[in-house]
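Here's the structure, in structure tokens; my notes come after.
Quick note on labels: first sequence line is chain A, next is B, and so on, each numbered from 1.
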Number of protein chains: 2
Amino acid sequence: MPKYEEIANIIRQRIKQGRYPANTLLPNQTDLVQEFDASRMTIKKAITILTMEGLVLSRRGAGTKVLDHSFWNKSTAPADQYRGMSRDLADIGKTLSSKIITFEVTFPTPEIKERLMLADQQPVYKIIRLRIIDGVNSVLEHTYMPVSLVPGLTDDVLAQSIYTYLKENLHLTFAGAFRNIQADKADEYDQQYLDCAPTDPVLEVEQVVYLDNGQPIEYSRSRNRYDRRGYTFLDVKNT
Amino acid sequence: MPKYEEIANIIRQRIKQGRYPANTLLPNQTDLVQEFDASRMTIKKAITILTMEGLVLSRRGAGTKVLDHSFWNKSTAPADQYRGMSRDLADIGKTLSSKIITFEVTFPTPEIKERLMLADQQPVYKIIRLRIIDGVNSVLEHTYMPVSLVPGLTDDVLAQSIYTYLKENLHLTFAGAFRNIQADKADEYDQQYLDCAPTDPVLEVEQVVYLDNGQPIEYSRSRNRYDRRGYTFLDVKNT
DNA sequence: AAGTGGTCTAGACCACCGC
DNA sequence: CGGTGGTCTAGACCACTTC
């Protein structure tokens, strides 16, 4: 782990423990340079990480202020494809279980082939999972993954966390994801599995997840019961 | 403008012009160091910007690849509170007009007071605007802003772009925004102004926008007709 | 083994905020 | 005005991919 990440972790911990209280200033960067025996560029990089997380805010000439983020900390956990839904939910004390509706190998439609950047004739997994949060049917996930990239996928893996398997067993790392969020009417599938009325809205999160070599590994549509899941995130400017 | 931003702009332009075609490698960093007469740290910072925009992908040992992002370029423009909706839409050739439904000064509810981090007795603007995209009623915006931070707000400003006014007339700069997205049923207000049926879903984007000193300047709920607007963005890992 | 990007340094200059 | 963070450099070492 790079030095700037370690430093960021230490400072983050101090903020959460209250050693650096909200609405006070962090020690200035030259002091941090001394404490951590690092160059100022490295300290700056650590602070940039915390800035991106919404924990602090730096202003030229005025220091780096610890922000009070308690108000949005209470609400929904931010969705994060790199950790998997189960860990996100565990953070806020909720439990997740899964029910496999469909698990098969098929050939992709032209649309899915394009999104996964596949050559002809490459098979994909088609997976439909019902995600049950605290005992309530909440999300219906339609997922497509190239078979060639994900060997050895089994029911057991699907019942737990796919992403844990990708990371820990296949040692894959991710570059990022492209997402589109929209509202939709509940279709018959949603009504059947999410226990919702024909007039209930659904929040659909469509995403393509990329490996660190640029190859898409997943195309999915997650249909969320409107009263069970929202999508929460921070959009920080610049660096 | 910092040097690394200028370099990023030049490289971005070359990518868009096809001088660095998709799926080829960028010149390596030491070559770029020579061309732009900069240090490697500066070149790296420029490339990081492009990485965050999803234009390129760097891998240790393998170079920096130009990505083919044409497939999501065609879809909805990513929402960006810093430019304002009018410019986002102009990018993809759509027109925006606004109709003011409500414009008044009032005292905030406890919830809004908390989100805007206001002391007691501070008045806020309450603004409701209907946003009309290509002639179709598409978004109903409920916006609250502290009066003290936004002097001189008028009907004329509201009819155009609030954010242009904040930036160019009041010279305010922004730190970022916190957002929550969810689906909801159309309420009577939505039905009246968005011309939608009682059974139509609505996509609600709730946001708090912060100034660069950490003070919230806007709390808003944007209710989007489900068939008119989605929310699209890139989530890139790390630096 | 050669070439690539990732990290890190020690020091410098500057823009900005607040007293 | 002093103190702060933002930028930039020249060079170094290392981890990784590719051949």
> Taking only residues two or more places apart in sequence, or in another chain, which ones meet B/Pro27 in a side-chain contact (heavy atoms from CB on, under 4.5 Å)?
Replying inline: B/Tyr20, B/Asp31, B/Leu32
> Which salt bridge (Lys or Arg N to Asp or Glu O under 4.0 Å) pairs, counting each pair once, include a residue from residues 205-216 of chain A, with sequence neighbours left out?
Replying inline: A/Arg115-A/Glu206
> Which residues in residues 22-35 of chain A have at least one heavy atom lying under 4.0 Å from any atom of DNA chain D?
Replying inline: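 By residue number: A/Asn28, A/Gln29.
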>> At 10 degrees resolution, what angle do the end axes of the helix from C/dA1-D/dT18 to C/dG18-D/dC1 form when each is taken over five base pairs?
In response: 20°
> Taking side chain as C-beta onward, heavy atoms only, is A/Thr143 less than 4.5 Å from A/Lys126?
Replying inline: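 Not touching, per the 4.5 Å side-chain cut-off.
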[N] [atom2] sits how many Å from [X] [atom1], rounded?
| X | N | atom1 | atom2 | result |
| --- | --- | --- | --- | --- |
| B/Ile7 | D/dT7 | CD1 | C1' | 12 Å |
| A/Lys65 | D/dG5 | NZ | C1' | 15 Å |
| B/Leu57 | C/dG5 | CG | C1' | 12 Å |

> At under 4.0 Å, does any side-chain N or O of B/Lys45 touch on OP1 or OP2 of D/dC8?
Replying inline: no
>> If you compare every side-chain N and O of A/Tyr4 against the phosphate oxygens of C/dC8 (OP1, OP2), does one of them come in below 4.0 Å?
In response: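 Answer no for this pair, as no side-chain N or O of A/Tyr4 is under 4.0 Å from OP1 or OP2.
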Which atom pairs, donor and acceptor, lie under 3.5 Å between side-chain atoms of residues 148-160 of chain B and protein residues at least two apart or in another chain?
unit_1: B/Thr154; atom_1: OG1; unit_2: B/Asp156; atom_2: N; d: 3.4
unit_1: B/Thr154; atom_1: OG1; unit_2: B/Val157; atom_2: N; d: 3.4

Residues in salt bridge (charged side-chain N to carboxylate O under 4.0 Å, His left out) contact with [X], at least two apart in sequence or another chain:
| X | value |
| --- | --- |
| A/Lys113 | A/Asp120 |
| B/Glu104 | none |
| B/Arg59 | none |
| B/Glu6 | none |

> How does each nucleotide of nucleotides 9-19 of chain D score, in 5' to 3' order, for protein heavy atoms under 4.0 Å: base (B), sugar-phosphate only (S), or none (-)?
Replying inline: BB-B--BBBS-
>> Given B/Arg221, which partner from the list B/Glu141, B/Glu204, B/Glu111 fulfils the salt bridge (Lys or Arg N to Asp or Glu O under 4.0 Å) test?
In response: B/Glu204
>> I'd like to check the ring-ring contact (aromatic ring centres under 6.0 Å, His included) partners of A/Phe36; sequence neighbours left out, ordered by chain and number.
In response: none
>> Under the rule for side-chain hydrogen bond (donor to acceptor under 3.5 Å, both in side chains), what residues qualify as partners of B/Thr102, not counting sequence neighbours?
In response: none
